[in-house]
Participant: 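Questions regarding the structure given below will be posed in turn.
In what follows, every chain begins at residue 1, and chains take the letters A, B, ... in the order their sequences are listed. Excluded from the calculations below are hydrogen atoms, water molecules and symmetry mates; all remaining heavy atoms, backbone and side chain alike, are included.
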Number of protein chains: 2
Amino acid sequence: MQIGVIEVPTRRALLVQRIEDQILTGKLRVGDSLPSERQLQEETHISKTVIHAALAELEQKGFLEITPRRGAVVANYVETGTMEALAARIRLNGGSMTREQTRSFLEARVAIEGAAFRRLAERHTEEDLAYLEAILAGADALLAREPLDARALAEALFRFHRGICLRSGNEFFPLLLNEFRPIILEFWQRSIAVFGAASNVHLAKRCLELIRAGDAEGAFRRLERSVNEYLGSLD
Amino acid sequence: MQIGVIEVPTRRALLVQRIEDQILTGKLRVGDSLPSERQLQEETHISKTVIHAALAELEQKGFLEITPRRGAVVANYVETGTMEALAARIRLNGGSMTREQTRSFLEARVAIEGAAFRRLAERHTEEDLAYLEAILAGADALLAREPLDARALAEALFRFHRGICLRSGNEFFPLLLNEFRPIILEFWQRSIAVFGAASNVHLAKRCLELIRAGDAEGAFRRLERSVNEYLGSLD
DNA sequence: CTGTTTTTACTGGTCGGCCCAGCTTTTGCG
DNA sequence: CGCAAAAGCTGGGCCGACCAGTAAAAACAG
């Protein structure tokens with residue numbers, strides 16, 4: 001048996017997580033007031049500096065709404081939340097989404113990646129293709145190794161799809177995929193578990209071929225089909 | 001003559017901005033190490049606590065990668081960056097995007113909002129429409145008042161479009177729009193300046209009508225057309 | 001001179017306290 | 001009783017010291 005590295009989390013990170021959990025599990029509801037910073041300081045034995053930093057972080061993530069000299073209330077994360085807020089909620093549910101969330105997520109992914117596919121199919125250089133091929137070569141290397149590192153392969157698939165966005169020439173697409181990152185990684189890990197590692201890598205290669213051939217619609221349909229297959233596998 | 005309020009920027013905000021600029025202008029390159037917190041303290045005459053907070057903020061934005069007891073290095077913000085990193089880059093260019101950035105941005109917006117339009121046109125309740133109408137009524141009220149508060153109207157238009165995403169039933173769309181928020185606000189303010197306030201509100205109303213009529217494609221084309229007009233106005 | 005242990009200098013993380021400005025509640029005077 | 005002054009909160013910003021680790025330098029043994 002092997003004991004890996006033990007990462008010591010910072011107090012700030014622990015406090016952020018604690019409050020996130022309270023919000024996401026419904027113990028703290030939208031509109032509820034948080035205790036004052038000084039009160040939290042007493043409860044947690046953490047200094048006001050760190051408390052303040054943690055609350056500021058939660059505000060930026062969209063979980064809280066802080067008004068100077070009035071206090072912090074739990075925000076409606078749908079109104080103000082970022083992708084991070086959603087990722088946190090998914091993390092809490094044991095890393096799994098409801099079926100409806102999954103459908104929403106895939107719909108959004110198809111909207112973004114579909115646009116990237118189209119652009120790249122229409123206009124790409126040899127360098128673009130070489131870049132994407134290099135990523136897939138890395139995935140192949142992972143495939144050959146035993147035991148399979150599903151996490152690493154999921155990362156590679158993520159990099160491939162972000163690579164498509166990156167090379168599409170649209171500055172926003174890769175950033176959007178970065179926002180999705182934690183969710184997409186969960187997705188690929190599940191996809192690897194359900195459809196197998198080789199199948200997923202093969203699908204990526206097929207998409208690249210279609211892009212190379214300039215078949216924008218074909219690439220888009222291939223993407224759509226795999227998404228539907230994934231959704232079907234949930235039943 | 002009238003002298004308005006004088007906002008005193010905080011040291012922390014100034015430091016954040018300074019470092020952001022250094023990164024975005026290339027004086028600090030990806031992979032470069034930052035001076036230690038203590039070194040920065042000496043250079044800037046700002047306390048280490050504030051330095052620490054500023055660096056933490058830059059990390060959350062995706063500009064830095066901080067490892068405890070090892071230091072901070074400039075992160076590849078294309079890899080890890082969020083929409084905020086891009087917003088910062090735009091802010092640096094005097095709040096305006098290049099033509100290519102604008103095109104990218106609108107392409108992404110059409111991809112996301114287009115999907116939301118389609119969903120909402122196909123499936124909406126009376127409550128959804130009432131919700132959106134209420135937002136437009138607020139925009140009308142702003143329109144009647146003199147002088148025009150362009151910022152507030154831009155906010156209203158943002159809320160309307162986010163409302164469409166919200167009511168589309170896709171949990172991700174509104175979150176994506178939230179990520180775009182700072183950029184979208186710049187967009188609407190410019191659009192108001194170029195096409196006039198009334199015209200923008202009228203367009204929103206027209207979109208709502210098409211959604212009500214269930215004309216998904218019509219609504220989508222209307223959106224696409226206005227985007228193209230905006231792009232055309234840049235020449 | 002080499003390989004190993006110990007020391008030291010340096011890192012980010014945390015602490016508690018200071019003052020500030022503004023909102024809320026209590027107090028106290030006319 | 002009415003109303004204004006005061007006291008007591010809030011978060012925001014900042015400071016200098018201390019903590020627990022790391023990595024390089026110094027000391028040491030062979």
Participant: Calculate the interatomic distance between B:Glu65 atom CD and C:dG12 atom P; express it in whole Å.
Facilitator: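 Rounded to whole Å, this separation is 14 Å.
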
Participant: Taking for each residue the nucleotide of DNA chain D bearing the nearest heavy atom, is the 5' side occupied by A:Gly71 or by B:Ser47?
Facilitator: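 First, find each residue's nearest nucleotide; the 5'-ward one identifies A:Gly71.
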
Participant: In whole Å, what is the span from the CZ atom of A:Arg69 to the P atom of C:dT24?
Facilitator: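 Taking atom P of C:dT24 as the reference, CZ of A:Arg69 is at 11 Å.
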
Participant: Hey, does A:Ile46 reach any base, or is it just sugar-phosphate, or nothing, if we go heavy atoms under 4.0 Å?
Facilitator: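 Since only primed, P, OP1 and OP2 atoms lie under 4.0 Å of A:Ile46, the category is sugar-phosphate.
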
Participant: Is A:Ile66 touching bases, backbone alone, or none of the nucleic acid, heavy atoms closer than 4.0 Å?
Facilitator: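 Here A:Ile66 touches the backbone only, sparing every base.
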
Participant: How long is the line joining CD1 of A:Ile51 and C1' of D:dT10, in whole Å?
Facilitator: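 To the nearest whole Å, that distance equals 15 Å.
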
Participant: What's the CG-P distance between B:Leu15 and D:dC15, to the nearest Å?
Facilitator: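 It is 11 Å, rounded to the nearest whole Å.
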
Participant: Is the gap between the ring centers of B:Phe172 and A:Phe180 under 6.0 Å?
Facilitator: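 They qualify: ring centres under 6.0 Å apart.
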
Participant: Which value, rounded to the nearest 0.5 Å, describes the distance between B:Glu155 atom CD and B:Arg181 atom CZ?
Facilitator: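 Nearest 0.5 Å value for the CD-CZ distance: 4.5 Å.
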
Participant: So does B:Thr49 reach the base of C:dC15 with its side chain, donor to acceptor, closer than 3.5 Å?
Facilitator: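 Yes, the side chain and the base share a sub-3.5 Å donor-acceptor pair.
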
Participant: With distance as the sole criterion, do the side chain of A:Arg38 and the base of D:dG11 form a donor-acceptor contact below 3.5 Å?
Facilitator: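 Yes, the side chain and the base share a sub-3.5 Å donor-acceptor pair.
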
Participant: Quick one: is B:Arg70 getting a side-chain N or O under 4.0 Å of the C:dC10 phosphate, OP1 or OP2?
Facilitator: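 For C:dC10, OP1/OP2 do not have a side-chain N/O of B:Arg70 under 4.0 Å.
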
Participant: Send over the distance from B:Glu37 CD to D:dC19 P, rounded to a whole Å.
Facilitator: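 It works out to 18 Å between those atoms.
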
Participant: Would you mind reading off the distance between A:Gln41 atom CD and C:dC18 atom P, rounded to a whole angstrom?
Facilitator: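 These atoms are roughly 12 Å apart.
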
Participant: Counting side-chain heavy atoms from CB outward, which of D:dT10, C:dG12, C:dC15 is closest to A:Ser36?
Facilitator: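 Ranking D:dT10, C:dG12, C:dC15 by closest atom to the A:Ser36 side chain puts D:dT10 first.
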
Participant: Any donor and acceptor pair, going by atom type alone, linking the side chain of B:Asp32 with main-chain N or O of B:Arg29 inside 3.5 Å?
Facilitator: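 Side chain of B:Asp32 to backbone of B:Arg29: a pair is present.
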
Participant: Write down the distance between CZ (A:Arg12) and P (C:dC15), rounded to a whole number of angstrom.
Facilitator: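 Taking atom P of C:dC15 as the reference, CZ of A:Arg12 is at 13 Å.
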
Participant: Just N and O in the side chain of A:His52: are any of them under 4.0 Å from OP1 or OP2 of D:dG12?
Facilitator: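 For D:dG12, OP1 or OP2 has a side-chain N or O of A:His52 closer than 4.0 Å.
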
Participant: Hey, could you give me the CG/CD distance between A:Asn178 and B:Glu179, rounded to the nearest 0.5 Å?
Facilitator: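 Atom-to-atom, A:Asn178:CG and B:Glu179:CD are 10.5 Å apart.
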
Participant: Roughly how many Å is it from NZ in A:Lys48 to P in C:dC19, rounded to a whole number?
Facilitator: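 Between P of C:dC19 and NZ of A:Lys48: 14 Å.
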
Participant: Check whether any side-chain N or O of B:Asp128 sits under 3.5 Å from a backbone N or O of B:Thr125 as a donor-acceptor pair, and report yes or no.
Facilitator: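 Confirmed, B:Asp128 side chain pairs with B:Thr125 backbone.
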
